[in-house]
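Have a look at the structure below, then the notes.
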Amino acid sequence: MEKPKRENFSSGIAVFFATLGSALGLGNMWKFPYLVGNNGGGAFLFVYLICVFLLGIPVMISEFFIGRHTRKNAIGAFTELKANPFWKCIGYMGILSSLFIMFFYTDVAGWVYSYVFRGIKGDFNILSSLESTKAANTTQSIFLNTTGAGNSAINPMIWQLIVLVVVSLIIIAGVKKGIEKVTKTLLPILFILVIICDIRALTLQGSKEGLNFLFNPDFSKLNGSSIMTAMGLAFFKLSLGMGTMITYASYFTNDNNLMRTPIKVALSDIMVSLLAGIAIFPVVFSFGIKPEGSGMGLLFTTVPLIFMKLPFGNLLLIAFFFLTAIAATTALISLLEVPVAFLSEELKINRTKSVIIISSIVLIVGILTVHPGSLFGNAMIGSRNLFDFYDFLTSNILMPLGGFLIALFVGYVVNKNTLYQTLSNNGTLNIAVSFKLYQFVIRYITPILVLLVFLNSLQIITF
Ligand code: TRP
């Protein structure tokens, strides 16, 4: 019987947009700008850039190698490489991580979708006429209702279902007609929308203070813990350590430059995060508000509150949440593709069925566990509710551990010649110097740094 043909992306641009789509996500819209501002602005950015080059990019190159060389899903890849079965645990952990991330990420994406809908419906219009305390209370109660902490948990569950249906339909459509088409169409729109929000923010009086918060380097704020934060962020931002980039790379074109694409993706990702920060902080500061508390609150309560005080604020708000919805959706499709590729290739379940199986698991577990007021919504593991537990388990344990093992695997186990052949596209690219540099970093620097992040996040060592 003839082997069913495996789908691939159709061009280098498609590869770039799909990969960037995975990296762009909720992380850009709140986590990144907020962490930069609070950890010394330009000084933190500088450290973050170093982490991206010593940690993010080398791990991404390694995942790209595994994926494109084997052209298999995150578990099949290790069989194909004839590796000791132990290494398959990278793939199994990746599938677990993608499920756990989806449990809560689809919930937050649902809040974002519902904000777009509320914006179009005009739910926020009332804010512009209220005095400040009342307006703040109103945004707070809109936020509580959205998350299900208010009256009913039904609303967020419906939005979570809608997100899952959208993401499932894209993945069912396939690699070319789904992932490629959607990321190629939506990312340019995201880019234009964030620029529009930036122009508005920069033309406000007092926007300078917001820019200072974001960019002014304050090296006195840097300490061990902010450096650890930068490393963890580089990992989370670039969707590493959990098989996503292995799976996507298995669809890459043969001539894609696997050492250059990660640099382009990482720099574009930083740019979008900064553009998001420029859209938010000048506005926040121009109203004399100091960005404090969690990043979530900044996104879902401060942003509507202040945007609605501007002329055409509602349009701006819709634009802002729509671009956030795009980022969350393109990240989610790359998450869903990991288990779907596994089920369809390893267990030979057809693609549509695989999508339905995984989405149903995510929907059921998600609905029962992440909403306050749902069956297990108030259950606690240690000091965390399940929502926070999923986030902690993935960001602090599974992803760094996965990254550590990937660095060891590619650095020490994989045949050096095979690695060179794949990364140089069988000798057609001149990568002699960069390959040496990469080999050195992935063997001696990345594993040590990731191990430090890992031990620090578990508080086994502290800085
Ligand atoms: N990079 C995504 C963001 O910034 C989050 C993320 C982490 C992710 N791991 C992932 C997305 C794996 C897709 C796949 O929000």
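Numbering of ligands and ligand atoms starts at 1, following listing order.
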Starting from [atom], which protein heavy atom do you reach first, and at what distance in Å?
atom	value
atom 6 (C) of ligand 1	F236 O, 3.6 Å
atom 2 (C) of ligand 1	A23 O, 3.6 Å
atom 8 (C) of ligand 1	S239 OG, 3.4 Å
atom 4 (O) of ligand 1	K237 NZ, 2.5 Å
atom 15 (O) of ligand 1	Y105 OH, 2.6 Å

Taking heavy atoms and a distance under 4.0 Å, where does [X] meet ligand 1: side chain, backbone, both or neither?
X	value
M399	side chain
S98	neither
S22	both

Which atoms from ligand 1 have a heavy atom of [X] less than 4.0 Å away?
X	result
S334	13 (C), 14 (C)
M242	9 (N), 10 (C), 12 (C)
G27	3 (C), 4 (O), 15 (O)
T244	12 (C), 14 (C)

(Q) So does I461 get a backbone contact from the side chain of N456, meaning a donor-acceptor N/O pair under 3.5 Å? (A) yes
Q | Ion pair check, R351 and E337, cut-off under 4.0 Å | A |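 Yes, charged N to carboxylate O under 4.0 Å.
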Q: Test S250 against every option in H69, E345, K72, R6 by the side chain to side chain donor-acceptor pair (under 3.5 Å) rule and name the one that passes.
A: R6
Q) Can you find a side-chain donor-acceptor pair between N145 and N155 that sits under 3.5 Å? A) no
Q | Between S239 and Y248: side-chain donor-acceptor atoms closer than 3.5 Å | A |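 Not at all, the side chains of S239 and Y248 share no donor-acceptor pair under 3.5 Å.
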Q.
If you define the side chain from C-beta out and look only at heavy atoms, does anything of T244 sit under 4.5 Å from S98?
A. no
Q. Should the heavy atoms of other residues, nucleotides or ligands under 6.0 Å from CZ of F117 be counted, would the total exceed 12?
A. no
(Q) Tell me which one of I406, L240, T446 satisfies side-chain contact (heavy atoms from CB on, under 4.5 Å) with S62. (A)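 Among the candidates, only I406 passes.
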